[in-house]
Amino acid sequence: MCFSATADFTGSVVLGAVGVATLREVKNRRELLLASLPGLFALHEFIEGFVWMGLDGTVSQQVGHNAGAAYILFAQGLLPFVLPLSVFLIEPTARQRRRMLGLVIFGGLLALYLTWGLIAYPIQISAQARSILYVNVITNTTLVAILYVTATCGSLFLSGFRRLVQLAWANLAGLLVVMLVKRYAFTSVWCAYAAVVSAIIYFFFRGTREHRPQRDASGA
């Protein structure tokens, strides 16, 4: 996945099916954001297909660049907040949610900073070694990478659901491997790992069906 327009479009169809299956497992509205992530990853890959098409001249450069801007806005600007918020919402007790509130706030502040950087400074998009490089002077730093991993993995480690802690380890391992092996194209290559993350999210919902409340919990 993520190595050509065809691969991205094909991957988006597969992830879309996982997304539909995951949403069918939802039992209360607090679960919707986490359950929607596979579908959002599917849309994310679909958008990058147009980035490839812009780079190879199938669509205009403007269309390709706009698609790239939308792609990186989700990956770098929104996900550091969306992921911790989705875990915060799904936790069944107020006590667990209080443990995660700081990471949600941290993720929100990081998302605002990165979104500002993506808007205020130009994004350079190019292809290299069958991957797409998204370069922005604010978001492409080692410090931001560390903060990004903290925001996207931290709340999962604090979850009261054992399967989400397992997801945290899988997510952390994937992020670190991608950074070590193909750091220059981290944002693009990581979307291939989104397929694995999406499958884990689906099996989390499927495997915890009997333990999650039918209605929104208000208990402490």
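On a predicted model such as this, the values are computed, not experimentally measured, just so you know.
Counting heavy atoms from C-beta outward, L114 and P80 have side chains that approach closer than 4.5 Å. Inter-residue side-chain proximity for L85 and F88 is flagged as met; some heavy-atom pair is nearer than 4.5 Å. Counting heavy atoms from C-beta outward, F205 and I90 have side chains that approach closer than 4.5 Å. Using a 4.5 Å cut-off on side-chain heavy atoms (C-beta onward), F161 and P92 make contact. With a 4.5 Å cut-off on side-chain heavy atoms, Y113 and I138 count as touching. You'll find the side chain of F9 reaches within 4.5 Å of the side chain of M53, heavy atoms only. Within the 4.5 Å cutoff, the side chain of I123 has no heavy atoms near those of the V135 side chain. Side-chain contact check for E48 versus I132: some heavy-atom pair is nearer than 4.5 Å.
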Using the side-chain contact (heavy atoms from CB on, under 4.5 Å) rule, take V104 and V87 through it: C-alpha gap first, then chi angles, then the decisive distance, then the call.
CA-CA 9 Å; V104 175; V87 179; over 6 Å; no
Let me see the working for L40 and L78 under side-chain contact (heavy atoms from CB on, under 4.5 Å), right down to the final yes or no.
CA-CA 11 Å; L40 291 174; L78 298 181; over 6 Å; no
Apply side-chain contact (heavy atoms from CB on, under 4.5 Å) to residues S198 and Y202 and explain how you reach the verdict.
CA-CA 6 Å; S198 296; Y202 167 72; over 6 Å; no
Verdict with reasoning, N28 to V26, per side-chain contact (heavy atoms from CB on, under 4.5 Å):
CA-CA 6 Å; N28 67 75; V26 169; 5.9 Å; no
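One distance of note links CZ of R98 with CD of E91; it measures 12.5 Å at 0.5 Å rounding. Distance check: N66 CG to Q61 CD gives 11.5 Å after rounding to the nearest 0.5 Å. We find the CG-CD1 distance between L37 and I200 to be 12.5 Å, quoted to the nearest 0.5 Å. If you take CG on L147 and OG1 on T141, they are separated by 7.5 Å, rounding to the nearest 0.5 Å. Atom OG1 of T208 is separated from atom CZ of R162 by 10.5 Å, given to the nearest 0.5 angstrom. For the atom pair CG of L172 and CZ of F157, the computed distance is 5.0 Å after rounding to the nearest 0.5 Å.
Environment of CZ in F203: sparse, with no more than 12 heavy atoms of neighbouring residues, nucleotides or ligands closer than 6.0 Å.
Note on ring orientation: taking the six-membered ring where Trp is involved, the planes of Y134 and Y71 are parallel (angle under 30°, cut-offs 30° and 60°).
Linking ILVMFWY side-chain heavy atoms closer than 4.5 Å, directly or via other members, places V63 and L55 in two distinct hydrophobic clusters. When the side chains of ILVMFWY residues are joined at heavy-atom separations under 4.5 Å, either directly or via intervening members, L112 and W116 end up in two distinct hydrophobic clusters. Under a hydrophobic clustering in which Ile, Leu, Val, Met, Phe, Trp and Tyr are joined whenever their side-chain heavy atoms come within less than 4.5 Å, directly or via other members, F204 and V20 fall into different clusters. Under a hydrophobic-cluster definition in which Ile, Leu, Val, Met, Phe, Trp and Tyr are linked whenever side-chain heavy atoms come within less than 4.5 Å, directly or via other members, I119 and I47 are assigned to different clusters. The same ILVMFWY cluster, assembled from side-chain heavy atoms under 4.5 Å apart, contains both L109 and L158.
When every heavy atom of N136 is checked against every heavy atom of T139, the shortest pair comes out as OD1-N, 3.1 Å. Across all their heavy atoms, S159 and M100 have their closest contact at CA-CE, 3.2 Å. Listed here is the closest heavy atom pair of A75 and L79: O-CB, 3.6 Å. Residues A127 and W52 approach most closely at CB-CZ3, 4.1 Å, considering heavy atoms. When all heavy atoms are compared, the tightest approach of P38 to T22 is CG-OG1, 3.9 Å. Taking both residues in full, the closest heavy atoms of L118 and Q76 are given as CD2-OE1, 3.9 Å, listed atom of the first, atom of the second, then distance.
With sequence neighbours excluded, no residue forms a side-chain hydrogen bond (donor to acceptor under 3.5 Å, both in side chains) with S86.
Checked by atom type, the side-chain pair Q96/R99 shows a donor-acceptor distance below 3.5 Å.
In this structure, F46 has its ring center no closer than 6.0 Å to that of F41.
R97 places no side-chain N or O within donor-acceptor distance of the main-chain N or O of L89, the cut-off being under 3.5 Å.
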